[in-house]
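Since the structure comes first, as structure tokens, the remarks are kept for the end.
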Amino acid sequence: MSRLAILWKKKGQTIGFVPTMGALHEGHASLIRRARKENDKVVVSIFVNPAQFGPNEDFSRYPRPFDKDRALCAALGVDILYHPSPEAIYPPGYKSFIEVEGLSQLWCGHFRPGHFRGVATVVLNLFQTVSPARAYFGEKDYQQLTIIKTMARDLNLSMRVIGCQTLREKDGLAMSSRNQYLSPSERRDAAMLYRSLCEASEKINQGIEIASALKAARQKILSIPNSRIDYLAAVDGLSLEEIKSPRLGARILAAVWIGKTRLIDNIKLA
Ligand code: PAF
């Protein structure tokens with residue numbers, strides 16, 4: 001992979017990169033289409049990264065429909081599908097990890113200790129191998145996107161990290177590989193998450209206090225059977241610190257369990 005990347009770069013060709021863990025859906029397809037449009041070559045990686053899963057998380061049951069993913073990549077004109085083995089990324093004796101301090105401990109980081117250390121480590125590793133001019137990430141994982149942008153800035157990576165709009169199902173549920181864990185009734189109820197975020201953001205944009213708008217959203221989300229909220233908060237769009245009054249670029253971030261499935265989503269405040 002790296003040798004091909006060097007060859008392309010020598011010829012002045014740009015590489016657009018879409019890192020994934022597979023189980024590709026229309027959200028990934030939209031990232032790949034954008035990479036296709038903006039670059040000479042497109043590389044997609046599929047690697048279910050053990051370092052970003054906690055001991056009691058879904059690493060072993062994470063969906064791995066590789067043949068289907070490969071067919072989708074071929075149909076979208078991907079030049080290289082990079083599918084490394086765990087040993088290729090973490091050979092025996094591997095010792096180096098990337099920590100984006102502060103940002104990685106907030107929100108999802110609080111509930112999934114070590115998760116973003118695993119994400120930043122594998123993403124930097126993949127960037128080193130692929131040498132992209134641009135890498136594309138969905139805004140659904142807003143904290144992940146912020147952490148990767150910060151890492152790229154701090155480490156002077158000569159590439160752009162591009163955040164792309166979240167793709168949603170017809171009822172508003174953010175597309176995610178984990179949606180397939182939901183039972184049919186949980187899937188129906190899951191639409192309430194985005195509806196609650198939209199209502200909260202509308203209220204805040206109309207001048208209602210953040211605390212009271214989020215209280216109503218919390219109640220609505222908790223009316224979903226078997227739901228539990230890890231966090232629901234309005235944050236600064238760059239520092240991800242909690243805010244009590246609106247400001248430019250702010251977002252509402254949420255992580256919610258429905259049954260055994262953890263969903264995350266976020267929405268921009270005006
Ligand atoms: O968002 C994902 O699918 C993963 O966290 C990523 C960025 C591919 C790193 O494993």
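In listed order, ligands and their atoms are each counted from 1.
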Completion exercise
Here the atoms of ligand 1 under 4.0 Å from any heavy atom belonging to T20 are 8 (C)
Handout entry: Protein contact to atom 9 (C) of ligand 1 [nearest heavy atom, distance to 0.1 Å]
Key = Q52 OE1, 3.3 Å
Completion exercise
If we number the atoms of ligand 1 from 1 as shown, the ones under 4.0 Å from a heavy atom of V122 are 9 (C), 10 (O)
Problem - Electrostatic pair R187:D171 at N-O distance under 4.0 angstrom - result: yes
Practice task
Report the part of I148 (side chain from C-beta onward, or backbone N, CA, C, O) that has a heavy atom under 4.0 Å from ligand 1; answer both or neither where that applies.
Solution key: neither
Handout entry: Nearest non-hydrogen protein atom, atom 2 (C) of ligand 1
Key = Q144 NE2, 3.8 Å
Problem - D40 with K9: basic N within carboxylate O range, under 4.0 Å - result: no
Exercise for the section: May I ask you to list the atoms of ligand 1 that are less than 4.0 angstrom from any heavy atom of P19? Expected result: 8 (C)
Handout entry: salt_bridge(E139, R251) N-O dist < 4.0 Å
Key = yes
Practice task
Taking the six-membered ring for Trp and the single ring otherwise, decide whether the centroids of H83 and F47 are under 6.0 Å apart.
Solution key: no
Exercise for the section: Answer yes or no: is there an ion pair linking R112 with D230, defined by an N-O contact shorter than 4.0 Å? Expected result: no
